[in-house]
Protein chains: 2
Amino acid sequence: MTISIKDVASKAGVSTASVSRVLSGKPGVGKKTAERIREVIEELNYRPNLGARGLVKQKTGNIAVVVPRGSFVLNNPFFSTILEGVAKAMDQTDYNMLMSFTSIQQKRLLETQAVDGVILFSPRHEELSLEWLESVGLPIVVIGSYLEESPFPCVRPDDEDGIKQAVTALYNLGHRDIGMINGPMSSMHSVRCLNGYKSRVKELELDYSSDNVLEVDEFDVFKATQAMKTFLNNNKKITGVVCSSDYLAIGVIKAASMIGLSVPEDLSVVGADDVPISDFITPSLSSVHVDLVGIGKRATVTLMNLMEGKQIRKKDVVFEMKYIDRSTTSIPKNK
Amino acid sequence: MTISIKDVASKAGVSTASVSRVLSGKPGVGKKTAERIREVIEELNYRPNLGARGLVKQKTGNIAVVVPRGSFVLNNPFFSTILEGVAKAMDQTDYNMLMSFTSIQQKRLLETQAVDGVILFSPRHEELSLEWLESVGLPIVVIGSYLEESPFPCVRPDDEDGIKQAVTALYNLGHRDIGMINGPMSSMHSVRCLNGYKSRVKELELDYSSDNVLEVDEFDVFKATQAMKTFLNNNKKITGVVCSSDYLAIGVIKAASMIGLSVPEDLSVVGADDVPISDFITPSLSSVHVDLVGIGKRATVTLMNLMEGKQIRKKDVVFEMKYIDRSTTSIPKNK
DNA sequence: TTGTATGCGTTATCAT
DNA sequence: ATGATAACGCATACAA
């Protein structure tokens, strides 16, 4: 019993064409008739059917937000903060946000002409194939970088430099044995972070050893914490650690406390990305800040431009990072 | 240049009707022709246009997840954890998740026949009018309770009992001066929590005073923290506080640390809902646990049933809560 | 079993 | 300025 354009047309005594014209604000309809039509629309509380419109215009009016790795991400403040930016920017447009978490959903979403464009949160190598992504032929903007050879515009933090700043900050405090907690190397993000760590450590003429870096999977918080515990136990000389995410940093703090190390007295910890909660927990987390909300907004705007056929100036937009000194870092204790 | 059902029909040398039939797995098509059609579909990599299908079937295939109060919620683990449950359950269905954060978006989404049903995160009184919600005539399930007179099925934590348990736990530890940090009373949740606090305090024959409860708006974290500081300063006799959410509890811990109170030595803190990060921070937060993911799942399943026209047995599903003793609570210090 | 024809709610083209 | 009418891509009632 939905009310259609025909209903308002007949009630207003005009053709559907005219109604459609006033609906889309197109010229070619008399002032008086237009007025009458508007009244009827109001009266009947008519709302156009977006699906039908989409059918003829070949546009759906919604864009897909594709986040791999399951719904886990929702509880990761890194993602949710960027998502906040995406949502805010999207509110400025006429598009709706279609979220999908599983690959089955994602495939269906992108293949069934259900969206006009997609925002893709950087998948890992094994997750979404570049080939398939290209084959769907949709405008795509990726957040957080994917593969080097990806043809899609990308918006991301300068994570490599971020980690460098973190190492430097620790060094300046007097730390000489600096460890690193990283995510899995199947993600470009982790690769970049490791690069940053390595190169800065060498620049500072500290000795680099793979023993000092721990690679964990953030999905399994429990396993990750366990790994950190043994890592810290096996590397007693480490006085400070940099992490590739705040999430991991919070885990390290927990692991440290479990084995009787206090932060920052016994161990300095710095995170990365500076998610909102990092300033909120006690002690507040030293981190390398980046405008995550801005990244989400920028990605959305870029996608809009892409969909309008505009030329994209920068195919790779990187947001600068900045070290924030808070309460999980201090001068190393003499051992 | 999208490929349609006609293309596969002609290439297979059959009518679109037959193609449509195999597509929807309906009987009435020969084994051999069906096979041929399937081959062509594969060959052409044909995918049905969901919009067109929706037009004729009067279904869109997606459901709206309506979260009021802006994208703020994304960074609130309470919401994102429930959302995780919604997403997981949704993955089991053929529906897509359309998220909306602003009221303009929400109106458009629900009015333009863009969705078949909606999951509504409990709005505050002033946000979404019951009248309007009913007028759109969509199947709606609300999460976390809305208005008493709401006709929509609802899934929520037993927050009233949760707060009672929190008060009791503190009492059993020896606390006699127990404060409360609550959200704004425009939300049913806060109303319920206050009720629980009041009634249990009276049952325990502690004296109730409105001076002992602070009402803050969780949106403005900064302001909230400030308010908590002055609250704690003005109520030195309080040795323990219960909070209507873990989010607030984390804030209290920060406020306490700012004015030199240590948790739990000087002040015991209990949260509510037990979001994942609460067990992860240091010291880990004592809280009243509830299966948030389960709530999300349950709401989704209920919505599915509602859309299928099934009779809903329980119009009000409440999930029980259970106190979890962790590290932010202890025996009160003698003053 | 298979095909034809119509309609779903719009927009757009072409007449008038 | 206005109105028929043909698409859009699909499902289905009805014929064959």
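Here is the naming used below: chain letters follow the sequence lines, and residue numbers restart at 1 for every chain.
For the pair I63(B) and P139(B), the minimum side-chain heavy-atom distance is 4.5 Å or more. M188(A) places a side-chain heavy atom less than 4.5 Å from the side chain of E148(A).
Between Q58(B) and the phosphate of dG9(C), there is a side-chain N or O to OP1/OP2 separation shorter than 4.0 Å. Between S15(B) and dG3(C) there is a side-chain N or O to OP1 or OP2 distance below 4.0 Å. Taking side-chain N and O atoms only, S18(A) has no distance below 4.0 Å to OP1 or OP2 of dT2(D).
Looking at heavy-atom distances under 4.0 Å, V19(B) makes no contact with the nucleic acid at all. At the heavy-atom level, T2(B) lies under 4.0 Å from the strands shown only through sugar-phosphate atoms. At the heavy-atom level, K59(A) lies nowhere under 4.0 Å from the strands shown.
Taking atom NZ of residue K6(B) and atom P of nucleotide dG3(C), one finds them 16 Å apart after rounding to whole Å. Taking atom CD1 on I3(A) and atom P on dG9(C), their separation rounds to 11 Å, with Å as the unit. Following rounding to the nearest Å, D7(B) (CG) and dC8(D) (P) show an atom-to-atom distance of 10 Å. Distance, K26(A) NZ to dT2(D) C1': 16 Å, rounded to whole Å. Between the CG atom of N49(B) and the C1' atom of dA7(D) there is a distance of 14 Å, given to the nearest Å. Here dG9(D) presents its P atom at 16 Å from NZ of K57(A), a figure rounded to the nearest Å.
The stretch residues 27-48 of chain A touches DNA chain D through G28(A), V29(A), G30(A), T33(A), each having a heavy atom under 4.0 angstrom from the strand.
In the set dG9(C), dG3(C), dC10(D), the nucleotide with an atom closest to the side chain of R53(B) is dC10(D). Taking only side-chain atoms of I5(A), from C-beta outward, the nucleotide of dA11(D), dT4(C), dT10(C) with the closest atom is dT10(C).
The one candidate from L83(A), T300(A), L98(A) that meets the side chain to side chain contact (heavy atoms under 4.5 Å, CB included) condition with V65(A) is L83(A). The side chain to side chain contact (heavy atoms under 4.5 Å, CB included) test with Y46(B) singles out one residue from T2(B), V40(B), I37(B), L23(B), and that residue is L23(B). Just one residue in the list T93(B), N96(B), D91(B) forms a side-chain hydrogen bond (donor to acceptor under 3.5 Å, both in side chains) with Q105(A), and that residue is D91(B). When the options V301(A), T302(A), L303(A) are evaluated for a side chain to side chain contact (heavy atoms under 4.5 Å, CB included) with N305(A), the one that passes is V301(A).
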Distances for protein N or O near nucleotides 14-16 of chain C N or O, under 3.5 Å:
none

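Pairing each heavy atom of F319(B) with each of V317(B), the nearest pair is CE1-CG1, 3.9 Å. The nearest pair of heavy atoms linking F101(B) to L74(B) is CZ-CD1, 3.9 Å.
Between Y146(A) and F152(A), the gap from one ring centroid to the other reaches at least 6.0 Å.
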